[in-house]
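Along the sequence shown, residues are numbered consecutively beginning with 1. The figures here come from the full heavy-atom set of this structure, side chains too, leaving out hydrogens, waters and symmetry mates. Indexing begins at 1, ligand by ligand and atom by atom, following the structure's order.
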Amino acid sequence: MDESRQGESYALELKGDLELNKKFYIESYGCQMNFSDSEIIASILNGQGYGTTRNPEEADLIFLNTCSIREKAEQTVRKRLTEFKKSKLQKPGMLIGVLGCMAERLKTKLLEEEKLVDMVVGPDAYRTLPQLIEEAETGSKAVNVLLSREETYADISPVRLNSNGITAFVSIMRGCNNMCSFCVVPFTRGRERSRDDASILQECTELFKQGFREVTLLGQNVDSYYWVDPVTNHIVDFAMLLEKIALINPLLRVRFSTSHPKDITDKVLHTMKKYDNICKYIHLPLQSGSTRVLQLMNRTYTREWYKAKVNRIKEIMPDCAISADIIAGFCTEDEQDHQDTLEIMEHTAYEYSYMFIYSERPGTLAAKRYSDDVPTEIKKRRLAEIVSLQNRLSLESNQKDVGKTFQVLIEGNSKKSDNQWMGRNSQNKVIVFEKQNQFQQKPGDYVTVSVTGCTQGTLFATQLM
Ligand code: 5AD
Ligand code: SF4
């Protein structure tokens with residue numbers, strides 16, 4: 001979840017846009033999967049003659065693609081809905097739709113509570129958007145929150161929104177069968193299903209032809225990717241899929257997210273090792289370092305098992321970066337449990353972490369079974385300790401890179417200056433370096449740099465070749 005992208009609005013720059021007489025505006029919240037879904041939604045609406053706008057006031061349709069993962073995410077959307085109420089008053093006939101996880105979780109409650117919502121559409125129902133819009137245009141409330149066992153939108157080619165033209169997300173599976181007790185996702189995104197490998201390969205190949213140089217394969221649990229070809233009966237697992245994509249072209253980098261520690265296999269690790277263009281970076285959510293808490297979370301591993309997995313990754317790929325998701329203050333968590341979390345963080349020396357305070361979600365196993373009994377002040381203090389430890393670990397990891405040489409894929413100008421390039425190394429670290437005229441580089445190029453300095457979030461370097 002990229003905090004800087006929450007609520008981002010999109011506009012695609014299609015040449016034909018001016019001729020389209022209806023426009024939609026979309027804001028996206030939540031995980032990369034949701035941002036990727038917005039690109040599918042844009043493709044479906046575009047097919048119906050809708051152009052995009054970044055200005056909600058000139059839109060005929062306003063969509064919020066929402067997230068339910070924590071209460072705060074839902075509150076932000078509610079606030080936005082009341083703001084859009086004003087636009088709607090000024091422009092009668094404008095339709096407002098809530099899409100995504102919050103639509104799925106709250107269903108018709110959204111229509112009853114928020115009188116300004118005209119459409120409620122769950123993550124598996126985007127194909128029906130054209131009919132739903134028609135229905136809403138007649139003044140009736142349009143709802144489709146049916147979850148599917150098959151839908152992967154495999155045949156819909158997403159329009160790349162807000163793209164840098166170099167890196168793209170490709171969805172390979174949807175839904176989740178892990179019942180982590182804190183998590184709303186199995187309820188909002190339904191059962192796990194994988195997309196056929198041929199359409200994934202085709203999308204990645206096409207992206208490469210268009211000049212993209214990095215694909216991130218997305219799924220709630222990519223390691224349980226599993227596709228059986230209906231004709232040949234051939235099985236494709238995640239390691240095989242990775243290999244097929246890596247073979248498209250050595251200049252196409254492959255990343256993936258998210259892995260469940262219980263599912264990432266040695267076969268995947270060896271495939272990663274075998275191909276230079278499969279990036280040496282694994283997002284391996286920890287959630288808690290305490291075996292007792294992990295059990296309550298239904299994570300199906302112990303602290304020892306997780307540590308052994310980390311050791312295995314580093315044994316096979318000593319240069320592999322690892323990041324985590326960590327939750328502070330889950331039900332019954334005591335000081336010792338918290339210390340156990342800090343200890344695993346030290347052990348792994350995560351390059352990066354996404355850190356959260358536990359937020360009880362209605363309907364989840366934890367909400368039903370356990371009491372959310374860690375006081376807010378304690379949750380906040382533990383989160384602060386986790387964040388501060390992570391800051392130190394990130395800085396230490398970056399300091400170790402000073403003096404090293406890396407291959408970097410240039411993504412564009414650095415945030416601070418048009419005289420500097422910004423790119424990433426295989427480990428997903430952001431590297432910034434001065435442009436040098438003699439090299440005549442452009443985004444999408446691979447260059448070799450030597451790291452000269454760092455902060456906790458960035459490596460600074462000089463280009464060698
Ligand atoms: N409260 C806090 N964090 C949560 N996450 C999922 N559900 C909750 C919750 N109820 C975090 C987990 C997950 C990430 C996407 O969000 O760490 O891996
Ligand atoms: Fe939010 Fe999870 Fe839905 Fe992504 S899948 S939008 S993180 S609730």
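- Geometrically, ligand 1 and Cys183 share no nitrogen or oxygen pair separated by less than 3.5 Å.
- Residues that satisfy the side-chain hydrogen bond (donor to acceptor under 3.5 Å, both in side chains) test with Asp325, not counting sequence neighbours, are His283.
- Nearest to atom 13 (C) of ligand 1 by heavy atom, out of Ile327, Val185, Asp325, is Asp325.
- Short contacts between ligand 1 and Gln287, defined as distances under 4.0 Å to a heavy atom of the residue, involve ligand atoms 12 (C), 13 (C), 17 (O), 18 (O).
- The list of ring pair (Phe, Tyr, Trp, His ring centres under 6.0 Å) pairs with a residue in residues 307-353, not counting sequence neighbours, reads Phe330-Tyr358, Tyr352-Tyr354.
- At a 3.5 angstrom cut-off on N or O pairs, Ser359 counts as close to ligand 1.
- Ring centers of Phe256 and Phe238: under 6.0 Å apart, within the cut-off.
- Ring-plane geometry between Tyr25 and Phe84 is classed as perpendicular, the angle between the planes exceeding 60 degrees on a 0 to 90 degree scale with a lower cut at 30.
- In summary, the atoms of ligand 1 found under 4.0 Å from a heavy atom of Ile357, numbered by their order in the structure, are 1 (N), 2 (C).
- Annotation: cation-pi pair Arg105/Phe187 absent, no NZ/CZ under 6.0 Å from the ring centroid and within 45° of its normal.
- When heavy-atom distances to ligand 1 are checked against a 4.0 Å cut-off, Phe182 comes that close through both its backbone and its side chain.
- Both cation-pi conditions hold for Arg70 and Phe356: the charged atom is under 6.0 angstrom from the six-membered ring centre and inside a 45 degree cone around its axis.
- Counting atoms of ligand 1 from 1 in the listed order, those under 4.0 Å from a heavy atom of Arg361 are 10 (N).
- The closest approach between a heavy atom of Val184 and any atom of ligand 1 is not below 4.0 Å.
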